[in-house]
Enquirer: 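What follows is a single structure, and I will ask about it in a moment.
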Amino acid sequence: MTGGTGKSLGRRRLAAIALAIVVLVALPALALAHIERASYWPDPGPDPSVTPPAGGAVPAVRNLYTALDPKPPGDTRVVCQPDSMQRLDATLATAQTSGYQLRPSQPAIKVSKQYAQKLRSFNQKLFATCTYNSIQAAVTDSHNNDRVEVMPGVYTEPASKAAPTNDPACADLKETNDKGETGAVSYRYQVTCPNDQNLIAVIGREPGANPPPQPPLEDRHGIPDLGPCIRCNLQIQGTGVSPDDVVVDAGDPALGDHSAPGPNPPRYDKDVGIRADRADGFVLDNVKVRHANEHDVYITETDGSHVDRVKMPFAGEYGLLTFVADHSLIENCAAWGSGDSGLYPGAAADLGDAVPADQRRYGTELRDCDSFHNALGYSGTDGNAVWIHDNEFYGNTQGFSTDVFTAPGHPGFPQDSDLIENNDFYSNNFNDYL
């Protein structure tokens with residue numbers, strides 16, 4: 001009996017080791033699912049071709065109650081579902097009695113009866129003007145300075161999901177290196193086939209007249225094929241009481257805020273939930289984005305972005321990825337269940353030791369966020385001059401990792417000049433493999 005038990009335990013140990021090896025071997029493929037295109041830091045100065053100028057600073061979140069005001073520049077497009085008001089009523093009732101949770105590490109937030117009545121009344125006005133049931137359709141129709149107000153509901157974006165992945169129509173728009181090898185998709189690819197990879201794509205600029213040089217320039221300051229703004233200073237905002245009211249789901253909404261149980265892989269239909277590309281002045285406020293095969297929220301080559309009150313569960317790679325960003329603020333957020341890191345400011349603008357002392361500043365700020373039950377709480381390859389403060393990183397496999405290496409599309413080597421202060425890192429011994 002003793003010998004049989006030992007053999008049984010030995011077989012189980014061998015099986016566990018074999019499984020761990022398979023998982024570990026698979027991890028690099030996950031992390032390199034898409035090669036980044038050769039990316040460039042955007043011009044940090046404001047673009048005066050747009051009024052008010054785009055970029056040059058972190059954009060403010062525009063107050064919800066000004067959405068129907070005709071005076072400010074830009075138009076408002078309202079997106080809704082038939083049951084938007086019923087969903088709002090249910091969450092407002094709960095928010096008054098029990099409160100709602102913005103970050104699990106923080107107390108629940110209760111709202112007053114007066115607040116609930118005001119929010120409901122304004123949502124009724126928005127509902128009366130609603131002409132869209134698709135966020136992507138509203139974004140596509142938007143221009144500079146516009147805003148997309150999204151009423152409570154689960155948005156699966158069927159038209160976007162129906163768009164082909166690796167669309168043959170855009171095959172010739174992939175980048176080639178000096179050896180003639182095809183790899184990353186170019187910006188022109190994203191412009192031409194916006195929903196190939198993305199459930200919702202915010203394409204901020206026209207592509208420039210000439211394609212970017214190949215091989216890429218060594219100096220990554222300034223985007224060489226930058227075209228004029230077409231959707232700069234765009235704001236996407238949920239109109240509910242909390243981010244849980246507006247759900248953007250890139251996979252199977254039946255999973256809820258979870259992944260598939262057991263060994264079965266989840267159904268994640270698109271690689272990116274919301275992508276903002278060269279969208280200077282972009283704001284994302286008060287929504288939940290989940291179940292993207294790679295990144296729930298992805299902001300790249302953008303000067304001036306603000307992510308506020310956003311939840312990002314169960315991304316295949318990163319809950320939030322910002323890449324070659326400047327004037328970027330991420331705050332009041334929660335990310336969990338990511339296959340890589342919950343929060344990843346990568347290849348951020350090189351504003352530390354690389355510039356004279358009187359020009360140094362932090363180009364990316366991450367504050368007041370929770371990142372938990374991810375493989376990594378935080379990571380940021382070659383991300384320079386990132387200020388990380390007043391966050392909670394807990395229950396991850398590893399709390400913090402910032403690596404310095406040169407990879408295709410990653411400028412910013414060597415990494416330097418991050419400031420990491422007043423964060424809590426604790427209980428980061430979560431076993432992903434179980």
Side-chain angles (χ1 to χ4, degrees), residues 59-96 99-103 109-142 145-157 199-200 202 231 233-249 253 257 273-274 276 281-290 296-297 305-312 331-334:
V61 177
R62 283 175 270 184
N63 188 293
L64 171 65
Y65 297 106
T66 65
L68 298 177
D69 187 344
K71 294 178 183 178
D75 297 324
T76 295
R77 291 170 179 81
V78 180
V79 187
C80 64
Q81 299 292 307
D83 62 346
S84 288
M85 289 305 300
Q86 290 92 322
R87 285 176 176 271
L88 180 65
D89 286 341
T91 56
L92 281 174
T94 302
Q96 290 178 80
Y100 67 89
Q101 201 90 47
L102 181 59
R103 298 167 54 197
I109 302 169
K110 284 189 177 183
V111 303
S112 66
K113 182 178 180 180
Q114 183 181 17
Y115 175 93
Q117 290 174 337
K118 180 180 179 181
L119 185 62
R120 190 185 192 283
S121 176
F122 191 74
N123 269 271
Q124 281 184 311
K125 294 177 182 178
L126 291 171
F127 194 69
T129 67
C130 176
T131 56
Y132 292 88
N133 61 14
S134 160
I135 301 171
Q136 180 65 80
V139 167
T140 300
D141 288 348
S142 294
N145 298 317
D146 288 355
R147 52 198 292 178
V148 175
E149 300 296 336
V150 188
M151 296 189 65
V154 177
Y155 294 86
T156 59
E157 302 293 318
L199 188 72
I200 297 167
V202 179
R231 290 183 196 88
N233 294 338
L234 180 76
Q235 175 168 301
I236 298 176
Q237 183 175 51
T239 72
V241 67
S242 82
D244 296 309
D245 289 355
V246 174
V247 179
V248 177
D249 202 308
D257 288 343
I274 297 178
F282 176 69
V283 172
L284 181 64
D285 176 49
N286 200 32
V287 301
K288 179 191 290 176
V289 189
R290 67 188 184 193
D296 284 337
V297 177
S305 62
H306 193 164
V307 174
D308 190 14
R309 299 206 306 157
V310 175
K311 293 185 176 183
M312 297 156 287
E331 62 177 342
N332 304 311
C333 71

Enquirer: Nearest heavy-atom pair of Asp146 and Arg77: which atoms, and what distance?
Expert: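 Closest approach of Asp146 to Arg77: OD2-NH1, 2.8 Å.
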
Enquirer: Is there a side chain to side chain contact (heavy atoms under 4.5 Å, CB included) between Tyr100 and Leu92? Walk through the geometry before answering.
Expert: CA-CA 9 Å; Tyr100 67 89; Leu92 281 174; over 6 Å; no

Enquirer: Would you kindly say whether Arg309 and Asn332 are connected by a side-chain donor-acceptor distance under 3.5 Å?
Expert: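 The answer is no; no qualifying pair exists.
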
Enquirer: Where the side chain of Thr66 meets the backbone of Asp69, is there a donor-acceptor pair that is under 3.5 Å apart?
Expert: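 No, because the side chain of Thr66 does not come within donor-acceptor range (under 3.5 Å) of the backbone of Asp69.
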
Enquirer: Which heavy atom of Arg147 sits nearest to which heavy atom of Asn63, and what is that distance?
Expert: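 Shortest heavy-atom separation between Arg147 and Asn63 comes out as NH2-O, 2.9 Å.
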
Enquirer: Using modelled atom types only, decide if a donor and an acceptor are shared between the side chain of Ser142 and the backbone of Ala138 within a distance under 3.5 Å.
Expert: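 Judged by distance alone, yes, a pair lies under 3.5 Å.
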
Enquirer: Charged N to carboxylate O under 4.0 angstrom, Lys311 versus Asp257?
Expert: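 Salt bridge absent between Lys311 and Asp257.
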
Enquirer: Taking side chain as C-beta onward, heavy atoms only, is Asn286 less than 4.5 Å from Pro243?
Expert: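 Answer yes - side chains close enough.
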
Enquirer: Any heavy-atom pair between the side chains of Asp308 and Val283 that's under 4.5 Å?
Expert: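 The answer is no, as the side chains (C-beta and beyond) never meet within the 4.5 Å cut-off.
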
Enquirer: If you round to the nearest 0.5 Å, how far is OG1 of Thr239 from OH of Tyr65?
Expert: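 Tyr65 atom OH to Thr239 atom OG1 measures 9.5 Å (nearest 0.5 Å).
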
Enquirer: Quick check against the 3.5 Å criterion: does Arg231 have a side-chain atom that pairs as donor or acceptor with the backbone of Val139?
Expert: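 Flag set: sc Arg231 to bb Val139 pair under 3.5 Å.
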
Enquirer: Mark yes or no for whether Glu157, through its side chain, and Ile135, through its backbone, hold a donor-acceptor pair below 3.5 Å.
Expert: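 Judged by distance alone, yes, a pair lies under 3.5 Å.
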
Enquirer: Between Val241 and Tyr115, is the side chain to side chain contact (heavy atoms under 4.5 Å, CB included) condition met? List the steps.
Expert: CA-CA 10 Å; Val241 67; Tyr115 175 93; 4.1 Å; yes

Enquirer: Donor-acceptor pair, distance only, cut-off 3.5 Å: does the side chain of Asn233 make one with the backbone of Asn145?
Expert: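 No.
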
Enquirer: So which heavy atom on His306 is nearest to which on Pro59, and how close?
Expert: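 So the minimum-distance heavy-atom pair works out to ND1-O, 2.8 Å.
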
Enquirer: Does any part of the side chain of Gln136, heavy atoms only, come nearer than 4.5 Å to the side chain of Leu199, both counted from C-beta?
Expert: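 Counting from C-beta outward, Leu199 and Gln136 never come under 4.5 Å.
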
Enquirer: Test your reading of the model: is there a side-chain donor-acceptor pair from Gln235 to the backbone of Asp285, 3.5 Å cut-off?
Expert: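 Between the backbone of Asp285 and the side chain of Gln235 there is no qualifying donor-acceptor contact (under 3.5 Å).
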
Enquirer: I'd like to know if the side chain of Ser121 reaches the main chain of Lys118, judged simply by a donor and an acceptor atom lying under 3.5 Å from each other, with no hydrogens or angles considered.
Expert: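 Judged by distance alone, no pair lies under 3.5 Å.
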
Enquirer: Is there side-chain contact between Asp244 and Thr91, with at least one heavy-atom pair below 4.5 Å?
Expert: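 Not touching, per the 4.5 Å side-chain cut-off.
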
Enquirer: Are Arg120 and Asp89 close enough for a salt bridge, meaning some N to O gap below 4.0 Å?
Expert: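 Yes.
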
Enquirer: Just checking, is any N or O donor in the side chain of Asp141 or Tyr132 under 3.5 Å from an acceptor N or O on the other one?
Expert: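 A pair is found: one side chain offers a donor N or O, the other an acceptor, under 3.5 Å apart.
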
Enquirer: Quick check: closest heavy atoms across Pro152 and Asn123, and the distance to 0.1 Å?
Expert: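 Heavy atoms only, the tightest pair is CD-OD1, 4.1 Å.
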
Enquirer: To the nearest 0.5 Å, tell me how far Ser134 OG sits from Gln81 CD.
Expert: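 Between Ser134 OG and Gln81 CD, I get 9.5 Å after rounding to 0.5 Å.
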
Enquirer: Calculate, to the nearest 0.5 Å, the distance between atoms NZ and CD belonging to Lys113 and Gln96 respectively.
Expert: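 Here the interatomic distance stands at 8.0 Å.
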
Enquirer: A side-chain contact here means heavy atoms from C-beta on lying under 4.5 Å apart; do Leu88 and Met151 qualify?
Expert: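 Not in contact.
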
Enquirer: Considering all heavy atoms of both residues, which atom of Glu149 and which atom of Leu64 are nearest to each other, and what is their separation?
Expert: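 Heavy-atom minimum between the residues: OE1-CD1, 3.4 Å.
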
Enquirer: Do you know which two heavy atoms are closest between Tyr155 and Cys80, and how far apart they sit?
Expert: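 Looking at all heavy atoms of both residues, the closest pair is OH-CA, 3.3 Å.
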
